[in-house]
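One structure is given here, and the rest of the page talks about it.
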Amino acid sequence: VAPAAAAFTAAGLLLVVVAFHCFLSPPLGGGGGGGGGHRVVRRPNPPFLLNKPSELRRNVVGTVDFAVPSGGSKLGEELWASKLASNFFGCSNATKAFADAKAVTEPNRYLMIATSGGLNQQRTGIIDAVVAARILNATLVIPNLDQKSFWKDASDFADIFDVESFISSLSNDVKIIRQVPDRNGKTPYPYKMRIPRKCTAKCYENRVLPALLKKHVVQLTKFDYRVSNRLETNLQKLRCRVNYHALQFTDPILKMGEMLVQRMRAKSGRFIALHLRFEPDMLAFSGCYFGGGEIERRELGAIRKRWKTLHASNPDRERRHGKCPLTPEEVGLMLRALGFGKDVHIYVASGEVYGGEETLAPLKALFPNFHSKETLASKEELAPFLSFSSRMAALDYIVCDKSDVFVTNNNGNMARMLAGRRRYFGHKRTIRPNAKKLYSLFLNRTSMSWETFSSKVQTLQKGFMGEPNEIKPGRGEFHEHPMDCICAKTKGRSGHSKPHPSNRIGEAMEKRANDGEFDWRDLDYGENTPLGRDSSNETDSDMHELEDMVSD
């Protein structure tokens with residue numbers, strides 16, 4: 001009996017060992033590159049400086065989420081481009097009713113502006129400055145760029161943008177000069193003033209024109225988003241001519257950007273560009289929580305205290321309302337659920353990612369072909385740009401613009417500018433996470449199969465995939481939705497067109513844009529400069545502190 005009992009016990013132990021080994025082992029085919037293989041994606045440890053095992057255990061929910069197929073979707077080309085895109089085109093030419101600049105520009109009226117924020121926030125200021133000058137029938141002086149923000153980028157206009165192209169391209173619309181002409185051998189000192197955000201044409205005529213008639217040289221300070229979304233069509237088209245045609249980067253920036261694009265194309269025929277937006281300042285400003293325990297709360301809380309006017313954060317509410325950026329892992333899962341395979345190449349445009357490589361590890365596991373300007377170019381090649389945040393941001397802008405699919409981790413200034421540009425130039429695929437709806441799905445993802453999760457993501461993302469007829473109700477601005485500058489082709493009549501069917505959304509967008517609330521999505525990539533409430537007070541010290549905290 002004793003030998004039989006011993007044998008029975010040994011067999012039982014062997015079964016336990018085999019079962020335990022099977023539990024820990026990955027499924028067959030998990031490490032291969034074949035189309036039918038699966039890879040188990042384990043929920044990672046929180047990527048936030050958590051050193052104590054007890055903290056890790058407290059903050060990790062579950063061990064294995066689900067098996068993610070390595071192959072892509074059967075949607076094929078439809079996933080990469082809209083079937084409807086070819087039905088629309090950019091149309092920004094002025095109508096005959098828009099008089100030539102020589103006929104309307106009044107002598108002795110000079111408008112100067114001082115931009116605010118980082119590259120893309122300043123870009124909006126430059127575009128709107130041209131429109132403001134046209135409204136005032138004034139001569140525009142080449143804008144001054146913000147050189148006093150957190151990163152202290154010393155670049156001026158000519159370091160980033162082609163001055164000659166800017167002046168000549170707009171010669172029929174607005175007279176532009178490099179500097180105010182001297183008077184009696186002296187350079188006139190401008191009268192400085194600040195105007196409210198979203199100022200209408202009538203607002204400029206009432207507030208700025210009297211000062212311009214009296215002082216002759218006026219400088220508008222902190223000039224970002226100071227022109228209304230709702231303007232008459234010819235002024236909207238002028239905005240588009242500035243943004244998409246006249247405002248070109250300098251040759252060194254263009255050449256470097258194109259080289260990065262070529263190197264991405266050499267690795268893969270087509271690629272995704274991801275505007276990640278997971279920098280520490282962004283996360284702190286959002287008031288959201290990302291699972292990093294007390295250390296995360298302490299670190300991000302300390303950064304958040306820099307903005308003295310921010311309300312107390314309510315992370316659960318912010319996430320429920322879709323105001324939190326997705327984590328890199330969530331972005332990766334969303335893209336895989338939409339149908340992009342493991343072999344797709346991704347270019348990531350991002351500043352310093354909170355948590356570093358640990359934060360990026362789940363995204364890299366989902367998309368191993370992971371690139372950035374730092375991995376595509378040598379330090380020597382990037383050396384002329386490294387010390388200038390706006391020039392580095394310009395390189396990312398070029399690669400994102402040229403990508404086959406652009407994914408924005410919600411809606412900052414760079415994302416809005418690129419979304420509008422990609423609509424104007426052929427409605428190239430632009431994906432924006434439906435964060436409000438995805439929130440509960442990610443929260444419950446361990447309770448469903450991959451097939452169910454994937455199907456739900458695809459359903460929730462309808463309306464957020466950059467289709468030509470998508471309307472973003474109640475939020476946004478003209479630079480993101482340039483509908484006055486997009487025309488639909490008329491069937492059967494070559495060369496004829498009609499206005500885009502969605503070009504009446506300006507009123508809804510303006511209503512939301514005027515609500516005065518701060519939103520982390522109003523911060524520029526690498527710029528982190530919150531948009532402020534309307535103010536015509538030049539000494540608005542509280543907002544000055546907010547805007548000078550951070551930049552590219």
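Numbers here simply count residues along the sequence, with the first being 1. Computed from heavy atoms alone, side chains included, the values below leave out hydrogens, waters and symmetry copies.
A heavy-atom distance below 4.5 Å is not found between the side chains of Tyr439 and His321. Residues Met414 and His275 form a side-chain contact, since some pair of their non-hydrogen atoms from C-beta on lies under 4.5 Å apart. Counting only heavy atoms from C-beta outward, the side chains of Gln147 and Ser155 never approach each other to under 4.5 Å. For the pair Leu395 and Leu260, the minimum side-chain heavy-atom distance is below 4.5 Å. Between Phe367 and Arg336 there is a side-chain heavy-atom pair separated by less than 4.5 Å. Between Val261 and Arg265, some side-chain heavy-atom pair lies under the 4.5 Å cut-off. Under the 4.5 Å side-chain criterion, counting only non-hydrogen atoms from C-beta, Val399 is not in contact with Lys373. Contact check for Ile160 versus Leu119: side-chain heavy atoms found under the 4.5 Å cut-off.
Taking the charged nitrogens against the carboxylate oxygens, Arg445 and Glu329 do have a contact shorter than 4.0 Å, which makes a salt bridge. With respect to Arg429 and Glu467, a salt bridge is recorded, a charged nitrogen being found less than 4.0 Å from a carboxylate O. Using a 4.0 Å cut-off between a side-chain N of Lys or Arg and a carboxylate O of Asp or Glu, Glu77 and Arg270 qualify as a salt bridge. With salt bridges taken as basic N to acidic carboxylate O contacts below 4.0 Å, one links Lys364 and Glu357. Remark: Arg391 does not engage Asp153 in a salt bridge, criterion side-chain N to carboxylate O under 4.0 Å. Salt-bridge formation is not detected for the pair Asp404/Lys428: no Lys NZ or Arg NE/NH1/NH2 atom is positioned less than 4.0 Å from an Asp or Glu carboxylate oxygen.
For His245 and Tyr424, the gap between ring centers is short of 6.0 Å. Taking the six-membered ring for Trp, Tyr397 and Phe249 have ring centres closer than 6.0 Å. Ring centers of Phe278 and Phe290: under 6.0 Å apart, within the cut-off. Ring centroid separation for the pair Phe161 and Phe166 does not come in under the 6.0 Å cut-off. Ring-centre distance between His427 and Phe88: below the 6.0 Å cut-off.
Counting only distance, with no hydrogens or angles, the side chain of Arg423 and the backbone of Gly466 share no donor-acceptor pair below 3.5 Å. Panel note: side chain Glu258, backbone Lys255; no donor-acceptor pair is recorded below 3.5 Å. A donor-acceptor distance shorter than 3.5 angstrom exists from the side chain of Asp156 to the backbone of Asp159, with no hydrogens or angles considered. Between the side chain of Ser165 and the backbone N or O of Asp162, no donor-acceptor pair lies under 3.5 Å. A donor-acceptor contact shorter than 3.5 Å links the side chain of Lys489 to the backbone of Ser86. The backbone N or O of Glu164 lies less than 3.5 Å from a partner atom in the side chain of Ser168, making a donor-acceptor pair. Without hydrogens or angle criteria, Ser378 side chain to Glu381 main chain gives a donor-acceptor distance under 3.5 Å.
Shortest non-hydrogen contact noted between Pro433 and Leu326 is CB-CD1, 3.6 Å.
Of the N and O atoms on the side chains of Glu296 and Tyr354, not one donor lies less than 3.5 Å from an acceptor on the other residue. Arg123 and Asn243 form a side-chain donor-acceptor contact under 3.5 Å, judged by distance and modelled atom types alone. Side-chain atoms of Ser454 and Gln458 form a donor-acceptor pair, as typed in the model, at a separation below 3.5 Å. Arg432 and Thr408 share no donor-acceptor pair across their side chains, judged by distance under 3.5 Å alone. For Gln121 and Asp224, the side-chain atoms include at least one donor-acceptor pair closer than 3.5 Å. With 3.5 Å as the limit, one finds no donor-acceptor pair spanning the side chains of Thr452 and Ser455. Between the side chains of Asp396 and Tyr347, at least one donor N or O lies within less than 3.5 Å of an accepting N or O.
Here the CD atom belonging to Glu352 is positioned 10.0 Å from the OG1 atom belonging to Thr359, to the nearest 0.5 angstrom. To the nearest 0.5 Å, atom CG of residue Leu460 and atom NZ of residue Lys436 are 12.5 Å apart. One finds the CD atom of Glu279 at 4.5 Å from the OG atom of Ser350 (value rounded to the nearest 0.5 Å). Atom CZ of Phe478 sits about 14.5 Å away from atom CZ of Arg416, to the nearest 0.5 Å.
For the side chain to side chain donor-acceptor pair (under 3.5 Å) with Arg239, the qualifying choice from Thr124, Asp128, Asp484 is Asp128, the only one to do so.
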Subject >> Chi angles and distances behind the side-chain hydrogen bond (donor to acceptor under 3.5 Å, both in side chains) call for Thr430, Arg422 >> reply: CA-CA 8 Å; Thr430 301; Arg422 291 171 68 86; 3.0 Å; yes
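The aromatic rings of Phe425 and Tyr244 lie perpendicular to each other, with more than 60° between the two planes, well past the 30° mark.
Around atom NZ of Lys402, no more than 12 heavy atoms belonging to other residues, nucleotides or ligands sit under 6.0 Å away.
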